[in-house]
Amino acid sequence: MTDYEVIIAGAGTGGATTAITLAQKGHSVLLIDRKERDKIGDKTCGDAIGGHHIKELKDMIGLPDLPKDVIEYEVAGLDLYAPDREHKISMVGPTTRGVSFNRLAMGQWFVELAEKAGAEVLASTRVKKLQFEDGKVSGVTIQTDTSDEKHLTSKIVIDATGATGMLRRQLPESSPVEKVVAKEDQMVAWRDVYETPEYEFDTPDMLEIYWNQEATLGGYTWVFPQGPHRVNVGLGVMTIPGYTHPKKIFENFVVPNWDFMKTDLKVIDSSGGIAPIRRPIDTMVDDNFMLVGDAACQVNPIHGGGIGSSMLGGVHAGEVAHEALETGDTSIDGLWAYNPRYMESYGIKQASLDVFRWFLLNVTNEEIDFAFEKGIVKGIDLLSVSMTGKMNIGKGEKFKRLLSGIGKIPLLLRVQKIANLMEEIKEVYSEYPDSPKGLDKWKARLEPIYKEAKNI
Ligand SMILES: Cc1cc2nc3c(=O)[nH]c(=O)nc-3n(C[C@H](O)[C@H](O)[C@H](O)COP(=O)(O)OP(=O)(O)OC[C@H]3O[C@@H](n4cnc5c(N)ncnc54)[C@H](O)[C@@H]3O)c2cc1C
């Protein structure tokens, strides 16, 4: 007899959605967070989400509409600016609609939904250690600021502790789960939220992304208005050797180059954060153990958005945990179905975009300016890549664009090459193994694709 059927470490959007899914099915769930109850959800973020993620969750677990106090402003689309800032691509359509939101209110709402569904929430409590029995996960050790360590047991432990993957890293060497996320697969970011009483944003319903390989290599600057007089502005960069701390880039690049930064600003928040930007962890389960959200690297590798996918991961994890509890098999085999289900619904696209990320790293400002100026890259292509992970250029159209890009044939050939590799990795992911036995062989197929992508 265990204390709970499932213990979830971390009550962010990933952990809370897992808790909602499991509690709705009548399981005993303990959702633990180190933050105080009324601070859960308070996190460094761009505070934007596509409406399609919310709709998906509505269909899957009956997520209600976002409450009014969560929404800061309705978003219509996105303007992507070339490094010269003279040329931009506007992406507006049904899939770009969304909201900018209040991060704390969003987090609080999710925890309330978990509580309402029947999960027990334990705030101000740190999950410190994984507990093992006969070499298998059997529970956790927790501690508050004022109490001694306490052991709790459960049939399944879920690590939803965010980018630190704090429990994942404690798995034994023999576990097939990757414990460490490489530096080059992470993004560090700095962002401020301001009220801008002297400055009015012309198009507060358009998010702005600025691409500049010299200032923000492997990342971008975002200016996300949250209304005519409020903005979330930040930047993220890949943590590759020699990267510059994002706060420094903020001071030296963002502050002098945006008009609103020169007006009187009321600082609402100023802080840094980290996110994984790679394919999902190759197996997100072990015996009695699952990973959800950032801890499972369920983040879009190109734009770094991970709230929607953490919720999606949470639903799949919750559903598979439920099935495993019903059959009484919470071993790695019993939980395995979570891997292919997530891969099919989002992981395959993540993997394809992860390959694309390496190509983007090797593109120069001059090449991007050229591609934007000549219309070689179109909003529709970018939308399609970011929604499906597929580079979708029709044949006649492609020929015309090749001609217009005649001065830059090598770039276009490289685009073609990376498009092929993106297709290749998608094929590998469509053959994700149906049991742990096939994992090593499957993983070996990924390596040559990444190797090639890094050299294009
Ligand atoms: C700068 C930045 C901007 C971003 N902007 C966006 C955006 O605009 N849109 C978007 O969709 N995504 C964005 N993301 C990504 C998004 O924030 C994450 O992908 C998402 O929050 C992941 O949810 P999660 O539940 O996995 O983790 P988290 O939201 O990080 O939640 C983890 C929870 O675990 C708790 N915890 C950690 N360790 C312990 C412990 N030992 N014991 C108990 N509790 C613990 C934490 O307190 C936290 O509440 C951004 C990320 C960064 C860094």
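Indexing begins at 1, ligand by ligand and atom by atom, following the structure's order. What you see is a predicted model; the values in this text were computed from it and never measured. Numbers here are sequence positions counted from 1.
- Scanning both residues, Glu36 and Ser124, for their nearest heavy atoms gives CA-OG, 3.4 Å.
- Taking every heavy atom of Ala189 and a limit of under 4.0 angstrom, the matching atoms of ligand 1 come to 1 (C).
- Taking 4.0 Å as the cut-off, Thr125 counts as a neighbour of ligand 1 on heavy-atom distance.
- In terms of polar-atom proximity, Gly306 is counted as a contact of ligand 1, with an N or O under 3.5 Å from an N or O of the ligand.
- Looking at Ala160 against ligand 1, only its backbone comes within 4.0 Å, counting heavy atoms.
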- Message: Between Lys25 and Glu5, is the salt bridge (charged side-chain N to carboxylate O under 4.0 Å, His left out) condition met? List the steps.
- Response: CA-CA 12 Å; Lys25 294 180 187 301; Glu5 285 181 290; over 6 Å; no
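- Proximity of a side-chain donor or acceptor of Asp33 to a complementary backbone N or O of Gly10 within less than 3.5 Å is not detected.
- Remark: minimum distance from atom 6 (C) of ligand 1 to any protein heavy atom is reached at Cys45 SG, 3.4 Å.
- Using the six-membered ring where Trp is involved, Tyr432 and Trp442 have ring planes that are perpendicular, over 60° apart on the 30 and 60° scheme.
- For Thr239 (side chain) and Gln186 (main-chain N/O), a donor-acceptor pair under 3.5 Å exists by modelled atom type.
- Contact annotation: Arg103 has at least one heavy atom less than 4.0 Å from an atom of ligand 1.
- Residue contacts with ligand 1 include Ala48, since one of its heavy atoms falls under 4.0 Å from the ligand.
- Within the structure, ligand 1 lacks Ile49 among the residues with a heavy atom less than 4.0 angstrom away.
- Considering both main-chain and side-chain atoms, Asp47 comes within under 3.5 Å of ligand 1 through a nitrogen or oxygen pair.
- The protein non-hydrogen atom at the shortest distance from atom 33 (C) of ligand 1 is Asp33 OD2, 3.5 Å.
- Considering only non-hydrogen protein atoms, atom 37 (C) of ligand 1 sits nearest to Thr161 O, 3.3 Å.
- Under a 4.0 Å criterion applied to the non-hydrogen atoms of Asp294, ligand 1 contributes the atoms 18 (C), 19 (O), 20 (C), 22 (C), 26 (O).
- A pairwise comparison of heavy atoms in Leu22 and Ile158 identifies CD1-CD1, 4.4 Å as the closest pair.
- Of the listed residues (Ser100, Gly273, Gly46), the one carrying the non-hydrogen atom nearest atom 4 (C) of ligand 1 is Gly46.
- Considering only non-hydrogen protein atoms, atom 34 (O) of ligand 1 sits nearest to Gly10 CA, 3.2 Å.
- Among all protein heavy atoms, the one lying closest to atom 27 (O) of ligand 1 is Gly162 CA, 3.6 Å.
- Between Gly236 and Trp222, the shortest heavy-atom distance links the atoms N-CZ3, 3.9 Å.
- Listed here is the closest heavy atom pair of Pro246 and Val188: CD-CG2, 3.7 Å.
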Show, in sequence, the C-alpha distance, side-chain angles and deciding distance for Lys443 and Glu178, and conclude whether the salt bridge (charged side-chain N to carboxylate O under 4.0 Å, His left out) test is met.
CA-CA 12 Å; Lys443 277 171 77 169; Glu178 296 155 88; 5.1 Å; no
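- Taking all heavy atoms of Thr18, Val188, Ile307 into account, the minimum distance to atom 11 (O) of ligand 1 is reached by Ile307.
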Can you list the steps and then say if Arg191 with Asp269 is a salt bridge (charged side-chain N to carboxylate O under 4.0 Å, His left out)?
CA-CA 8 Å; Arg191 77 92 180 83; Asp269 192 49; 2.9 Å; yes
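- Proximity of Ile40 to ligand 1, defined as any heavy-atom pair under 4.0 Å, is not found for any part of the residue.
- The shortest heavy-atom contact between Gln298 and Gly293 is OE1-N, 2.7 Å.
- Listed by number with element, the atoms of ligand 1 under 4.0 angstrom from any heavy atom of Ser310 are 23 (O).
- Scanning the protein for heavy atoms near atom 14 (N) of ligand 1, the closest one is Gly304 O, 3.4 Å.
- The nearest heavy-atom contact from the protein to atom 25 (O) of ligand 1 is Gly14 N, 2.9 Å.
- Note: His316 and Tyr342 have perpendicular aromatic rings, judged against thresholds of 30 and 60 degrees for the angle between ring planes.
- In this structure, Lys179 contributes its side chain and Val177 its backbone to a donor-acceptor pair below 3.5 Å.
- At the shortest separation from atom 28 (P) of ligand 1 among protein heavy atoms lies Lys43 NZ, 3.7 Å.
- Proximity of Met166 to ligand 1 is established by a heavy-atom distance of less than 4.0 Å.
- The residue Lys128 has no part lying near ligand 1, judged by heavy-atom distances below 4.0 Å.
- Every atom of ligand 1 is numbered from 1 in the order shown, and the set under 4.0 Å from a heavy atom of Lys35 is 47 (O), 49 (O).
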Salt bridge (charged side-chain N to carboxylate O under 4.0 Å, His left out) evaluation trace for Glu251 with Lys247:
CA-CA 6 Å; Glu251 286 159 1; Lys247 187 164 193 272; 3.5 Å; yes
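- Contact atoms of ligand 1 toward Ile274: 53 (C) (distance under 4.0 Å to a heavy atom of the residue).
- Those atoms of ligand 1 that come under 4.0 Å of a heavy atom in Gly293, given as number and element, are 26 (O).
- Checking Arg34 against Thr125 by side-chain atom types alone, no donor-acceptor pair falls below 3.5 Å.
- Of the heavy atoms in Arg34, both backbone and side-chain atoms come closer than 4.0 Å to ligand 1.
- Side-chain contact check for Gln213 and Thr364: no donor-acceptor pair (N or O, by modelled atom type) lies under 3.5 Å.
- Those atoms of ligand 1 that come under 4.0 Å of a heavy atom in Thr13, given as number and element, are 23 (O), 25 (O).
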